[in-house]
Amino acid sequence: QVQLVESGGGLVQPGGSLRLSCAASGFTLDDYAIGWFRQVPGKEREGVACISSSDGSTYYDDSVKGRFAISRDNAKNTVSLQMNNLKPEDTAVYYCAASRVVARSPDQYGYWGQGTQVTVSS
């Protein structure tokens, strides 16, 4: 079965760093655009970052530009999200998702992981 699994979430102090990983089974991630999304209670799921399948181009929401970086490791069939200088407002459940095309809307993604909790608090 096609499956995505996120890992690497946890509790971190403001200004700290975490690295999230998205691992795939049943398909190869390098054939898909991969997006990272986050969601907090009472709010819609929002796009954080995306990496294309064609040329590896990356896209970031303005709220994380300069702090987060998305990358692929095709040998391991994973996509990572390096998160630096974390802020309390980054607290959310983070999801990875796969799409045949680059997209910002979560509605465009057909495969989703279960999510991993990131909490930024002092």
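This chain uses plain numbering: 1 for the first residue, then up along the sequence. Note that the structure is a prediction, hence the values are computed from the model and not measured.
Contact record, Ala33 with Cys50: CB-SG, 4.3 Å, taken as the closest heavy-atom pair. Here the closest non-hydrogen pair linking Ser21 and Ser80 is OG-OG, 3.7 Å. Nearest heavy-atom pair across Arg72 and Val79 is CG-CG2, 3.9 Å. Nearest approach of Phe37 to Ala97, heavy atoms of both residues: CE1-CB, 4.1 Å. For Gln82 against Ser17, the heavy-atom pair with the smallest separation is NE2-CB, 4.0 Å. Between Gly9 and Thr116, the closest heavy-atom pair is N-OG1, 3.3 Å.
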CA sep, side-chain torsions, deciding dist, call: Val40, Glu89, side-chain contact (heavy atoms from CB on, under 4.5 Å): CA-CA 10 Å; Val40 299; Glu89 53 263 43; over 6 Å; no
Stepwise side-chain contact (heavy atoms from CB on, under 4.5 Å) test for Asn77 and Thr28: CA-CA 6 Å; Asn77 204 26; Thr28 54; 4.1 Å; yes
side-chain contact (heavy atoms from CB on, under 4.5 Å) assessment of Phe68 paired with Trp36: CA-CA 11 Å; Phe68 291 11; Trp36 282 96; over 6 Å; no
Test side-chain contact (heavy atoms from CB on, under 4.5 Å) applied to Met83 and Asp90, step by step: CA-CA 9 Å; Met83 305 186 295; Asp90 295 318; over 6 Å; no
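Here the CZ atom belonging to Arg38 is positioned 13.0 Å from the CZ atom belonging to Arg45, to the nearest 0.5 angstrom. Here CZ of Arg19 is found 10.5 Å from OG of Ser7. Values are rounded to the nearest 0.5 Å.
The main-chain N or O of Val120 is found under 3.5 Å from a side-chain atom of Thr91 such that the two form a donor-acceptor pair. Without hydrogens or angle criteria, Glu6 side chain to Gly115 main chain gives a donor-acceptor distance under 3.5 Å. Panel note: side chain Tyr59, backbone Gly35; no donor-acceptor pair is recorded below 3.5 Å. Arg104 places no side-chain N or O within 3.5 Å of a backbone atom of Asp61 that could act as its donor or acceptor partner. Asn84 places no side-chain N or O within donor-acceptor distance of the main-chain N or O of Gly66, the cut-off being under 3.5 Å.
In this structure, Val12 is a member of the same hydrophobic cluster as Leu81, with clusters built from ILVMFWY side-chain heavy atoms closer than 4.5 Å. Transitive grouping of hydrophobic side chains (ILVMFWY, heavy atoms separated by less than 4.5 Å) brings Ile34 and Leu20 into a common cluster. No single ILVMFWY cluster, assembled from side-chain heavy atoms under 4.5 Å apart, contains both Tyr94 and Tyr109. Using a 4.5 Å cut-off between side-chain heavy atoms of Ile, Leu, Val, Met, Phe, Trp and Tyr, with links allowed through other members, Tyr60 and Val102 fall into different hydrophobic clusters. Grouping the Ile, Leu, Val, Met, Phe, Trp and Tyr side chains by contacts below 4.5 angstrom, directly or via other members, places Leu4 with Ile70.
Comment: Lys65 engages Asp62 in a salt bridge, judged by a side-chain N to carboxylate O separation of less than 4.0 angstrom.
The number of heavy atoms from other shown groups lying within 6.0 Å of OH (Tyr111) does not exceed 12.
Looking at Ser53 and Asp31, their side chains never bring a donor and an acceptor atom within 3.5 Å of each other. Under the 3.5 Å distance criterion, with hydrogens and angles disregarded, a donor-acceptor pair is assigned to the side chains of Arg100 and Tyr32.
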